[in-house]
Novice: 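After the structure tokens below, expect a handful of questions from me.
When reading the values below, keep in mind they use all heavy atoms of this one structure, side chains included, and skip hydrogens, waters and symmetry mates.
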Amino acid sequence: MLPPRRITGRERRAFNWRTTSPWTTCVRVACCSRLRFMWFTLMVLTVLCMALQMLGVVRQPRSSKVLKLVSEQLVKMPTDIHRPVKRIDWENLGNLWSVSATTVEEPVDQHYFIQKIGESLNLHLEEERDQVLKVTRTKLTSITKDVPPIEPNKLLLDQEVDKRFQHQPIIDENDPEIQKPPHSDNDTDQYTLKSEAATCQPKKRIVFLKTHKTASSTILNILYRYGDSHNLTFALPLNMHSQLFYPAFFAAHFVEGVRTRSVKEFHILCNHMRFSSQEVRKLMPKDTFYFSILRNPVAMMESLFVYYKAIPAFRVVKSLEEFLNQGGRSYNTSVPNNHYARNILTFDFGLDNTAPVNDTDLDRRSAEVITAVERDFPLILISEYFDESLVLLKHALCWSLDDISSFRLNSRSERSRRPLNAETAERVKQWNSLDWRLYQHFNATFWKRIDSTLGRTQLRREVELLRAKRTKLEQMCLQEGGAVDPVQVKDSSLKPFQYGAAVIQGYNLRLGLNNDTFGLCQRLITPELQYTSALYTKQFPQLAAARAAVAKKIAASRNIATHRAVKRNIETYVRIAVTNNTSHNNTNTAIGDEHGLDVLRNSVVRSERQGSFEVHSVTKRHRKGDSDKRTTQKPVMNSNIHKEPH
């Protein structure tokens with residue numbers, strides 16, 4: 001039994017529950033709990049915030065309507081900056097602000113109008129500016145006619161405009177020192193070129209696809225000199241190679257410093273490679289500029305045949321005419337190095353160089369090749385118009401005339417060139433059908449680009465300046481005033497690499513040049529292999545020193561081994577010669593000595609071919625000793641030799 005007091009309390013609570021309203025009970029319970037009260041308060045605040053946001057969304061279109069219409073009117077203003085402006089009238093600018101108010105309580109941001117007006121202040125004449133300002137005021141007045149005007153902060157306007165134009169000189173049209181160029185249909189205004197040159201920034205991230213026998217070595221020297229003088233980083237081949245493991249497709253790990261991560265950024269990639277867009281973009285930044293160079297396949301085929309005469313496709317034939325008359329019977333795609341014999345340009349761009357069978361396939365394949373090249377390379381130069389190409393390259397890279405001035409490198413002597421007749425030229429076009437279509441297309445686009453950017457008159461003017469600069473450099477740097485055959489190159493470190501049946505010419509520097517001029521001239525004539533090695537030593541001095549030490553040890557050990565072998569041969573043949581003198585008469589002795597010396601000469605020649613540099617002096621001393629022995633034979637020597645076994 002419960003105590004009577006508890007029973008009484010339970011009965012009282014049950015009575016109150018039955019008599020109290022349910023709504024009153026819920027409100028009382030909700031208000032009496034602290035957690036429930038906080039939850040209720042947060043809900044109310046959330047609803048209020050949502051209401052305020054919805055109100056702001058409704059007000060925003062109303063306030064932005066005027067801004068949109070005013071900006072459209074300001075954008076339509078003429079902004080030609082190529083004609084000079086005599087002076088600027090600032091009085092009419094203040095009236096523009098009389099209508100710069102919105103349909104709501106907050107005024108329109110005046111900085112927006114200041115920016116727009118500052119961009120549109122470069123008008124042709126004062127009448128045009130006044131007319132534009134009048135039209136703008138009329139439009140703004142019609143938009144905000146029901147809104148009272150707000151007085152502008154003219155001091156703020158003057159300060160902002162003065163900041164924008166304090167570094168821009170005002171040009172007077174009547175100034176006699178300003179020379180206006182003649183206008184023509186094919187020329188671009190000189191003011192446009194000057195404005196582009198002022199805003200153009202020199203490009204320092206470059207990819208040049210070096211193609212074969214297209215004057216690409218000269219382009220390579222230009223890039224080498226520019227990067228060397230501006231301390232740019234080159235993507236050089238691994239292990240001091242001259243090529244990026246051509247003819248294999250390019251891979252990023254072919255570049256020195258990629259695997260070891262010793263180089264953080266590469267600026268210029270320009271050595272021989274078979275292009276692979278995906279791998280190149282792994283290595284180079286996104287803003288890299290890509291370009292390459294093409295040559296007429298007819299002239300290029302003749303140069304390839306002379307230079308790569310040792311490849312299997314050309315080895316078995318005597319002339320290019322014979323190779324083409326046989327229909328390329330000796331050409332086999334599965335044999336290494338035969339890719340030089342057909343559509344080499346298509347191959348270098350990383351595409352399939354297999355020639356199509358019929359015209360339909362040729363049209364389809366050539367269109368695919370052209371599309372792929374255009375996608376990856378915004379600029380394609382033409383070797384037959386080399387000076388014009390350099391001028392176009394100068395504008396594309398925003399470089400100066402000194403940056404593109406150069407000498408012809410890796411060029412053949414005229415006596416090793418042989419022109420082709422018309423019939424052979426047509427067969428070359430058919431044999432290299434993909435390259436011929438590729439060359440035709442980009443030869444046409446080359447001149448279209450010149451007409452759209454420079455104009456023919458401006459192009460001729462800059463080509464003349466480039467050739468005059470080259471002539472001046474030749475007179476300053478070269479002894480003979482031009483290229484010479486390799487046998488006439490006096491400095492052995494500047495001799496170009498000779499390959500095949502071609503005679504690659506070099507240069508001789510003038511004597512008495514000062515240090516700066518000598519350095520400039522030497523960089524102009526340095527061949528590709530020597531310059532690549534020098535840049536490798538500059539970028540990776542520790543690796544270059546280690547490789548030089550290893551090469552020196554190998555050469556020394558090879559020389560020592562060769563010297564020992566020659567010394568043993570000398571001693572052997574001396575003993576044989578002297579022994580023959582004691583056992584035969586004088587006639588037989590002379591014959592034996594001559595035979596022994598002939599064998600000795602053959603051994604010395606073989607040792608010299610193996611790389612010995614000390615054999616010549618040893619052989620001279622031995623020959624002198626033999627001559628003395630043949631003239632005067634000492635009996636003491638004979639007695640000593642008889643002690644040796646025969």
Novice: Apply salt bridge (Lys or Arg N to Asp or Glu O under 4.0 Å) to residues D451 and R456 and explain how you reach the verdict.
Specialist: CA-CA 6 Å; D451 292 336; R456 301 295 177 93; 2.7 Å; yes

Novice: A side-chain contact here means heavy atoms from C-beta on lying under 4.5 Å apart; do I525 and L478 qualify?
Specialist: yes

Novice: Give a yes or no on whether a salt bridge exists between D287 and K203, defined as a side-chain N under 4.0 angstrom from a carboxylate O.
Specialist: no

Novice: To the nearest 0.5 Å, what is the distance between CZ (F254) and CG (L236)?
Specialist: 15.5 Å

Novice: Less than 4.5 Å apart, any side-chain heavy atom of F407 and any of N221?
Specialist: no

Novice: Judged by modelled atom types alone, do T360 and N358 share a side-chain donor-acceptor pair under 3.5 Å?
Specialist: no

Novice: Could R342 and D435 be called an ion pair, given the rule that one side-chain N must be under 4.0 Å from one carboxylate O?
Specialist: no

Novice: Hey, which of K309, R412, R295 is the one that makes salt bridge (Lys or Arg N to Asp or Glu O under 4.0 Å) with E302?
Specialist: R412

Novice: Spell out, as yes or no, whether a donor-acceptor pair under 3.5 Å connects the side chain of R547 to the backbone of Q542.
Specialist: no

Novice: Testing the 3.5 Å rule here: is there a donor-acceptor pair between the side chains of D348 and T211?
Specialist: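 Result is no, nothing qualifies.
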
Novice: Do K210 and H272 meet the criterion of a side-chain donor-acceptor pair at a distance under 3.5 Å?
Specialist: yes

Novice: Given the ring of F249, does R274 sit roughly above its face, with NZ or CZ under 6.0 Å from the centre of the six-membered ring and within 45° of the axis?
Specialist: yes

Novice: Find out whether E265 and T233 are in side-chain contact, i.e. whether some heavy atom of one side chain is under 4.5 Å from a heavy atom of the other.
Specialist: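 No; the side chains remain at least 4.5 Å from each other.
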
Novice: Please tell me whether F305 and F323 form a close aromatic pair, meaning their ring centres lie under 6.0 Å apart.
Specialist: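 They do not qualify: ring centres at least 6.0 Å apart.
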
Novice: Do R437 and Q440 get their side chains close enough for a donor-acceptor pair, meaning under 3.5 Å?
Specialist: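 Result is no, nothing qualifies.
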
Novice: Could you measure the distance from the OG1 atom of T288 to the OH atom of Y290? Nearest 0.5 Å is fine.
Specialist: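 So the gap between those two atoms works out to 5.0 Å.
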
Novice: Can you tell me how far the CG atom of L393 sits from the CG atom of L381, to the nearest 0.5 Å?
Specialist: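 The CG atom of L393 sits 5.5 Å away from the CG atom of L381.
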
Novice: To the closest 0.5 Å, what do you measure between OG1 (T218) and CD1 (I404)?
Specialist: 12.5 Å

Novice: What's the verdict on salt bridge (Lys or Arg N to Asp or Glu O under 4.0 Å) for R225 and D403, showing C-alpha distance, side-chain angles and the deciding distance?
Specialist: CA-CA 8 Å; R225 287 187 289 110; D403 295 331; over 6 Å; no

Novice: How about F266 and F234: are their ring centroids closer than 6.0 Å?
Specialist: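 Between F234 and F266, which both carry aromatic rings, the centre distance is not below 6.0 Å.
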
Novice: Taking the side chain as C-beta and beyond, is there a heavy-atom pair between P527 and Q530 under 4.5 Å?
Specialist: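 The answer is yes, as the side chains (C-beta and beyond) meet within the 4.5 Å cut-off.
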
Novice: Please check if any side-chain donor atom of T471 sits under 3.5 Å from a side-chain acceptor atom of R467, or the reverse.
Specialist: no

Novice: Which value, rounded to the nearest 0.5 Å, describes the distance between Q430 atom CD and S433 atom OG?
Specialist: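 Answer for the CD-OG pair, Q430 versus S433, is 9.0 Å.
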
Novice: Any luck finding a side-chain donor-acceptor pair between E474 and Y507 under 3.5 Å?
Specialist: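 No donor-acceptor contact under 3.5 Å links the two side chains.
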
Novice: Is it true that Y246 and H339 have ring centroids separated by less than 6.0 Å?
Specialist: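 When the ring centroids of Y246 and H339 are compared, they turn out to be within the sub-6.0 Å range.
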
Novice: Can H253 and E279 be said to form a side chain to side chain donor-acceptor pair (under 3.5 Å), step by step?
Specialist: CA-CA 9 Å; H253 62 269; E279 290 293 325; 5.6 Å; no

Novice: Can you name the residues that form a side chain to side chain donor-acceptor pair (under 3.5 Å) with E464, not counting sequence neighbours?
Specialist: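 Counting only residues at least two positions away or on another chain, E464 forms no side chain to side chain donor-acceptor pair (under 3.5 Å).
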
Novice: Quick one, F275 and D376 - any side-chain contact, counting heavy atoms below 4.5 Å?
Specialist: yes

Novice: Verify side chain to side chain donor-acceptor pair (under 3.5 Å) between D402 and S405, making sure each step is shown before the conclusion.
Specialist: CA-CA 5 Å; D402 293 334; S405 300; 4.8 Å; no

Novice: Compare all side-chain heavy atoms of R523 with those of D228 and state whether any distance is below 4.5 angstrom.
Specialist: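 The answer is yes; the side chains approach within 4.5 Å.
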
Novice: What is the distance from atom OH of Y340 to atom NE2 of H212, rounded to the nearest 0.5 Å?
Specialist: 4.0 Å

Novice: For the residue pair I382 and I293, establish whether any side-chain heavy-atom pair is separated by less than 4.5 Å.
Specialist: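 I382 vs I293: side chains apart.
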
Novice: With the side chain counted from C-beta on, respond yes when S413 and Q505 share a heavy-atom pair under 4.5 Å apart, and no when they do not.
Specialist: yes

Novice: Taking atom types as modelled, find out whether Q479 and K490 have a side-chain donor-acceptor pair closer than 3.5 angstrom.
Specialist: yes

Novice: Taking only residues at least two apart or on different chains, which pairs with a member in residues 521-546 satisfy ring pair (Phe, Tyr, Trp, His ring centres under 6.0 Å)?
Specialist: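 Ring pair (Phe, Tyr, Trp, His ring centres under 6.0 Å) check on residues 521-546 returns Y224-Y531, Y536-F540.
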
